[in-house]
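Heads up, the thing below is written out as structure tokens.
First listed ligand is number 1; within each ligand, the first listed atom is number 1. One-based numbering along the sequence shown.
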Amino acid sequence: MATGEIEHVQLLVAGTRISGQTRALIEPATGGLLAHVEEATLEHVDEALARATEAAPGWAATPASRRGAMLREAARGLEKRAEELARLEARSVGKPIRDARAEVGGAIAALDFYAGAVATLEGQVLPVSAPGLDLALREPVGVCALIVPWNFPLFIAVIKAAPALAAGNPIVLKPAELTPLSALVLGDVLLAAGIPAGCVSVLPGEGPVVGAALAADPRVAKVSFTGSTDVGVAVLRAAAPKIGRVALELGGKSSNLIFADADLDVAAPAAAAAVFGNAGQDCCARSRVLVQRTVLEAFLERFLEATDAVRVGDPLDESTDMGPLVSRSHQERVLGYIEDGGRAGATLLRGGGAPADERLAAGPYVEPTVFGDVASRMRIAQEEIFGPVAMVIPFDDEEEAVALANDVDLGLSGSIWTRDLSRAVRVARGVRSGALSVNSNQSVHVEAPFGGVKRSGLGRELGTEALRQYTEIKNVYIAVD
Ligand code: NAD
């Protein structure tokens with residue numbers, strides 16, 4: 001979609017584009033109309049699931065190498081539309097175009113990875129005591145409903161769709177209300193790569209209607225959900241009566257642990273990027289910045305300098321580091337947390353509101369915001385804000401650092417900055433989190449498992465682990481005389 005055009009985008013039911021209920025999509029940065037999307041009704045959910053159920057046996061019986069070849073073809077399809085998709089993501093979410101390009105690159109890498117990784121799906125021959133052969137076979141789990149949030153709409157859709165399809169399952173993809181467009185392009189690309197029509201539906205729509213119906217429907221064998229912890233609980237409940245398989249990638253409130261021996265010239269700007277990237281709308285955002293007291297002043301000087309250097313602006317401008325938030329209502333929520341931090345006694349060191357720049361008034365922008373004098377139990381330090389808000393909390397020693405990192409009921413991600421390898425290992429073992437990185441901000445790799453502990457989730461995405469989690473084990477014992 002080129003800037004200025006207003007498109008009317010239909011939903012995709014079992015390979016066919018059709019009309020549904022129209023929703024106007026707003027471009028965050030301008031407040032203008034981006035497109036109209038046709039959303040699914042419950043009849044569309046029913047049709048998509050009926051067709052997926054019919055298609056399941058044929059897709060499961062398709063040789064894995066053939067399924068992999070189609071995914072590789074789909075990767076090339078995304079590659080051809082990469083710049084179009086990056087602009088679409090930048091305009092739909094408000095994320096800087098450079099970040100949107102990186103997201104599309106990640107999606108292509110994930111398709112390529114699962115195109116090859118499908119060859120690693122193997123069962124076992126087990127040495128049972130009874131005479132004969134025992135085969136633990138891996139079979140596709142069945143129809144998979146994939147429910148996706150708005151912050152990384154394409155990447156998250158792909159890291160669910162690629163392993164689910166590779167493992168032999170039809171998919172019904174439910175993008176977020178605000179950002180359905182790239183998922184619909186993905187649907188077209190998967191179909192063009194040869195994946196059977198019944199195996200690909202993309203149903204934009206209201207979460208509590210379309211998403212809830214998918215989660216509860218007995219024809220859905222597995223729901224893979226990424227989103228907020230509260231909705232994750234609702235999905236788990238909806239799938240409970242049928243004992244549905246559920247994978248949950250939920251919220252985070254992760255820590256960046258900065259030890260006195262860290263290279264502060266590297267750690268401080270990285271810590272700023274780890275909370276202001278994607279305007280803080282990142283489940284891995286390390287918003288709790290834990291700093292050893294002896295270097296607090298030196299760290300803060302560098303951290304605030306990096307905060308001041310963040311260029312807030314138009315997402316389509318190549319030099320922009322941080323765009324607007326996704327919507328006005330989300331901006332109000334984030335500003336509400338900032339007010340709450342002030343009331344609780346935290347000291348505002350930077351930001352704290354919408355930018356004064358009039359050119360940014362049309363969008364739901366929030367300044368990069370930093371709080372000092374934060375106590376771990378303050379609401380701003382406990383709840384996921386999902387905005388560009390950092391809170392700096394000092395600690396005295398390693399034991400206190402680990403205790404502070406664990407003083408939240410979420411456990412998704414985090415970083416440890418130190419030059420002492422033994423400390424890095426001790427702290428990594430002590431912090432309860434699904435992913436951690438040492439001297440780096442990166443905790444998502446296509447090749448490595450990713451997911452949360454505590455209230456951050458259930459199950460793992462990415463890597464060959466995700467592929468296995470889209471299968472079920474069937475044990476077949478063959479008696480031999
Ligand atoms: P959200 O929970 O509001 O919505 C996520 C998806 O669920 C959307 O598609 C929505 O339509 C759907 N939904 C809403 N109600 C539903 C219901 N009752 N049943 C089924 N589906 C329903 O989340 P969001 O605001 O789109 O995204 C932000 C959240 O996502 C944050 O909490 C963030 O941490 C989380 N997230 C987690 C990860 C991760 O990998 N752990 C990655 C990205 C985002």
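No option in Ser456, Ser254, Ser443 other than Ser443 meets the side-chain hydrogen bond (donor to acceptor under 3.5 Å, both in side chains) test with Ser413. When each of Val392, Val389, Ile393 is tested with Phe371 by the rule side-chain contact (heavy atoms from CB on, under 4.5 Å), just one qualifies, namely Val389.
Remark: Glu83 engages Arg101 in a salt bridge, criterion side-chain N to carboxylate O under 4.0 Å. The pair Lys95-Glu103 counts as a salt bridge, with a side-chain nitrogen and a carboxylate oxygen less than 4.0 angstrom apart. No salt bridge links Glu384 with Lys253; every basic N to acidic carboxylate O contact stays at or beyond 4.0 Å. A salt bridge links Lys160 with Glu461; the closest basic N to acidic carboxylate O contact falls under 4.0 Å. Taking a cutoff of 4.0 Å between a charged side-chain nitrogen and a carboxylate oxygen, Asp317 and Arg311 do not qualify as a salt bridge. Using a 4.0 Å cut-off between charged nitrogen and carboxylate oxygen, Glu472 and Lys222 do not count as a salt-bridge pair.
Under the 4.0 angstrom criterion, atom 26 (O) of ligand 1 counts as having a protein heavy-atom contact.
Among protein heavy atoms, atom 19 (N) of ligand 1 sits closest to Ala212 N, 3.4 Å. Scanning the protein heavy atoms around atom 42 (C) of ligand 1, the nearest turns out to be Cys283 SG, 2.9 Å. Nearest protein heavy-atom contact of atom 7 (O) of ligand 1 is Phe225 CE1, 3.1 Å. Of the protein's non-hydrogen atoms, the one nearest atom 9 (O) of ligand 1 is Val148 O, 2.7 Å. Among all non-hydrogen protein atoms, the one lying nearest atom 35 (C) of ligand 1 is Gly227 O, 3.1 Å. If you check which protein heavy atom lies closest to atom 3 (O) of ligand 1, you get Ser228 OG, 4.0 Å. When only non-hydrogen protein atoms are considered, atom 17 (C) of ligand 1 lies nearest to Gly207 O, 3.5 Å. Protein heavy atom in closest approach to atom 37 (C) of ligand 1: Leu250 O, 3.1 Å.
Per-residue contacts place Leu412 under 4.0 angstrom from the following atoms of ligand 1 (heavy atoms of the residue considered): 41 (N). Under a 4.0 Å criterion applied to the non-hydrogen atoms of Gly251, ligand 1 contributes the atoms 32 (O), 34 (O). Contact atoms of ligand 1 toward Ile156: 42 (C), 43 (C) (distance under 4.0 Å to a heavy atom of the residue). Using a 4.0 Å cut-off to heavy atoms of Phe450, the atoms of ligand 1 that qualify are 40 (O). Close approach of ligand 1 to Gly211 (heavy-atom distance below 4.0 Å) involves ligand atoms 19 (N), 20 (C), 21 (N).
In this pair, Phe386 and His330 present their aromatic rings perpendicular. The plane angle is above 60°, beyond the 30 to 60° band.
Using a 4.0 angstrom heavy-atom cutoff, Pro208 counts as in contact with ligand 1. Note on ligand 1: Trp150 sits in its first shell, one or more heavy atoms being nearer than 4.0 Å.
Across Val235, Asn151, Val231, Ile159, heavy-atom proximity to atom 16 (C) of ligand 1 is greatest for Val231. Of all the listed residues (Leu146, Asp282, Ile147), Ile147 holds the heavy atom that lies closest to atom 12 (C) of ligand 1.
Annotation: Glu177 places an N or O atom under 3.5 Å from an N or O atom of ligand 1; distance criterion only. Considering backbone and side-chain N/O of Lys174, one or more are found under 3.5 Å from N/O of ligand 1. Considering backbone and side-chain atoms alike, Thr226 places every N or O at 3.5 Å or more from each N or O of ligand 1. Where the criterion is an N or O separation shorter than 3.5 Å, residue side chain and backbone included, Phe386 fails it with respect to ligand 1.
For the pair Trp59 (side chain) and Leu165 (backbone), a donor-acceptor distance under 3.5 Å is present. Looking only at distances, no side-chain donor or acceptor of Asp321 sits under 3.5 Å from a matching main-chain atom of Val310.
For residues 163-176, no pair satisfies side chain to side chain donor-acceptor pair (under 3.5 Å), with sequence neighbours left out. Under the side chain to side chain donor-acceptor pair (under 3.5 Å) criterion, the residue pairs touching residues 204-220 are Arg23-Glu206, Asp46-Arg219, Asp217-Arg219, with sequence neighbours excluded.
Only the backbone of Pro175 comes within contact range of ligand 1, with a heavy atom under 4.0 Å; no side-chain atom does. At a heavy-atom cutoff of 4.0 Å, ligand 1 is contacted by no atom of Leu214, backbone or side chain. When heavy-atom distances to ligand 1 are checked against a 4.0 Å cut-off, Glu384 comes that close only through its side chain, counted from C-beta outward.
When only modelled atom types and interatomic distance are considered, Ser437 and Ser415 share a side-chain donor-acceptor pair under 3.5 Å.
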(request) Give the intermediate values and the outcome of side chain to side chain donor-acceptor pair (under 3.5 Å) for residues Glu38 and His8. (result) CA-CA 7 Å; Glu38 299 280 337; His8 210 95; 2.5 Å; yes
